[in-house]
2 protein chains.
Amino acid sequence: MKPLKIGILGGGQLGRMLLQSAANYHVETHVLESGKNPPASSLCHHFTEGDIRDYDTVYAFGKKVDVLTIEIENVSVEALFQLEAEGIKIIPRPGVLHTIKDKGLQKEFYKKHNIPTSDYILTDNEEDLKTKLSFLPAAHKLRTGGYDGKGVSILKSESDVNKAFSEPSVLEKLVDIDKEIAVMVARDQSGETAVYPPVEMVFDPKYNLVDMLVSPADITLAQTAEVQRIARSVIEAFDSPGVFAVEMFLDKAGNILVNETAPRAHNSGHQSIEGNYSSQYDMQMRIMQKLPLGNTGTIMPSLMLNLIGEEGHSGAVYYKGMDEALKIKGVYIHLYGKHETKPGRKMGHITIIGENKNDLLDKARSLKELIKVISY
Amino acid sequence: MKPLKIGILGGGQLGRMLLQSAANYHVETHVLESGKNPPASSLCHHFTEGDIRDYDTVYAFGKKVDVLTIEIENVSVEALFQLEAEGIKIIPRPGVLHTIKDKGLQKEFYKKHNIPTSDYILTDNEEDLKTKLSFLPAAHKLRTGGYDGKGVSILKSESDVNKAFSEPSVLEKLVDIDKEIAVMVARDQSGETAVYPPVEMVFDPKYNLVDMLVSPADITLAQTAEVQRIARSVIEAFDSPGVFAVEMFLDKAGNILVNETAPRAHNSGHQSIEGNYSSQYDMQMRIMQKLPLGNTGTIMPSLMLNLIGEEGHSGAVYYKGMDEALKIKGVYIHLYGKHETKPGRKMGHITIIGENKNDLLDKARSLKELIKVISY
């Protein structure tokens, strides 16, 4: 039997880690991405250099494979609709990507499906926004094109209007956040669903990037059940196979609000490589091959720490402190094969597995001091 | 800082799994192997098609990298000696490969270093053997070129002489085997050593291949300490960095005898990917980069089952029963990217992790019935 031809749109770190899992299976891997040497290019059977946002490029690439998936939302969804119509299996469905890529449509989707989310209104441009200032304080988010914290602006009062976007955006009520939780959900091609234990995030206020997360989240059993129930309901509403990250806020009044969903492997699932029986990447491989979903159970509690380029360092990367870090029991380093660092760039991550959250946090604090992503 | 250039001689499954680990580090990977699409060729930065036994080919390949390692012993050791003399770091040392490649020299090495091993004599050819028949019953092993059980013949009595080899061979006293144990040992470039928990092997008599192994081995604490002590002493005698598998017999009289050593990642260490904090492949990557040795501790007991081509099936491979197998908790499938199966060919392996040996063995028995490597 010929190996299944799997195409991945995007060649970044998520694609790279997906390919590490793909090597366990009987598949032929194809990657489309711009540039000569993106992180995933050296781990696939066939690398195509091209723009994942370009209709013709994506269409031609998709015609070569049996199953097509993504590692980033910012792709030509129009080409995916056409490929789907021609019988290529697309995971996740293009319709889901169409909704999720636009934070406005995404918010409306939650509202329509009675999924709890913060109150919001849409703004078209600066003029429009100025007529809606009574809605502040609020977060102003670009409907499309934002990523890794870019495209989000906090408007506390009218005096912050200069920080607002003049393009179509969502204005969301600020949530009085107690915790930020993410739940990874896997759904196979027959509609079976498996839900991972929730993870708890800690943000780096400087770069607005997820900096650290702990799995499982330190919340009550009742909260765990409820966030898992909500995450599952989101994916059931989307009605698409794939791996999804549902990001939620627990507010100080005890409410659970869905912030946003990513229809793909996600930063919030990296620790599953070591911490869970079936990692998010293994799940994605299983789903594409119509294999049974894996076990989402926890092998051991885990903590994930992003490795982010230090301020003031741009150029050939050097990972200072790797030596000391790798002496610590239960520490795993994942570097993304990016040759150049720059301030705030995600260059890799560390997972720590251990018996309990306090032990993990202690080790994480030492690691944050030890490891620095600099140029050299 | 430029990534370290790592060269691997051999492009089979061991190289493939090493590359899966290599993707976590800041390295540039080079593979040398014959054929267009060996298992490791799609996971490296640079694949060179060429004969790893050819002096000029290996020499030219070695000159391109900073550190050179192997995934099979059958390479041009002469080229490695020259490269070592010219300052290329070779792991393991060529001198070790020279000794180990020749089972006769290997036996003499054990004798010289007071490492317990079965009695043996050397035979040059059939004529020579015929003068030494009083040594039977014994195992006759080709001094060079044997692998995966090939090149071994059991000579019970004089009437088996027709099964003997007429090339230089070792004639070894048969051991009344109680258990076969392997201990993986990792040694870094500064001479630090880390020893894995021993594993216990079960052979498939039909193909003389390791078929299944359990980690940690079901032996007493005293036996564990002793096999680990012996394994460490073997690697100290070899005085070389690298990952090593020391295979031992426990005989029915309670003796421990070293059978042979492989100076590389080994079938006996596959389960370490899921079962131990640092896998044998991660260890090899750490050693090459002069990073600290990893933790050899057991995360959970594990069992490894080779996936071997069924009798009567040659051609494009199909893995029957994958679906059912992957429903079982704690089951991990590793396929080696070989397109064609043939009887007895190692096509992949399965690791199971679980709470205890009985649970693992129960699951393994089901899996052996479920999964068949056939052509289709």
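Keep in mind that this is a model prediction, so the values were computed, not measured. Quick note on labels: first sequence line is chain A, next is B, and so on, each numbered from 1. No hydrogens, no waters, no symmetry mates; every other heavy atom, side chains included, goes into these values.
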May I ask you to name which of [options] has the most heavy-atom pairs under 4.5 Å with chain A?
| options | value |
| --- | --- |
| B:G337, B:G315, B:G330, B:C44 | B:C44 |
| B:M322, B:K327, B:R286 | B:R286 |
| B:S278, B:P292, B:A316 | B:P292 |
| B:Y277, B:Y332, B:Y25 | B:Y277 |

Is it the backbone or the side chain of [X] that comes under 4.5 Å from a heavy atom of chain B, or both, or neither?
| X | answer |
| --- | --- |
| A:Y319 | side chain |
| A:P3 | side chain |
| A:M300 | side chain |

Per-residue contact mode, [X] against chain A (heavy atom under 4.5 angstrom):
| X | result |
| --- | --- |
| B:V331 | backbone |
| B:K2 | neither |
| B:I328 | neither |
| B:N24 | both |

So how far is it from [X] [atom1] to [Y] [atom2], rounded to the nearest 0.5 Å?
| X | Y | atom1 | atom2 | answer |
| --- | --- | --- | --- | --- |
| B:I287 | B:D282 | CD1 | CG | 9.5 Å |
| B:I350 | B:I333 | CD1 | CD1 | 4.5 Å |
| A:K372 | A:E311 | NZ | CD | 12.0 Å |
| B:L307 | B:K368 | CG | NZ | 9.5 Å |
| B:L32 | B:L9 | CG | CG | 6.0 Å |

With no hydrogens and no angle check, is any side-chain donor or acceptor of A:T298 less than 3.5 Å from a backbone partner on A:P301? no
Is it true that A:E71 and A:R264 make a salt bridge, defined as a side-chain N closer than 4.0 Å to a carboxylate O? no
Tell me if the aromatic rings of A:Y318 and B:H26 count as close, with their centers under 6.0 Å from one another. no
Parallel, tilted or perpendicular: rings of B:Y336 and B:H349 (30°, 60°): tilted
Note: vs chain B, highest number of non-hydrogen pairs under 4.5 angstrom among A:L326, A:N295, A:L43 is A:L326
What residue, out of A:G294, A:S21, A:S42, has the most heavy-atom pairs lying under 4.5 Å from chain B? A:S42
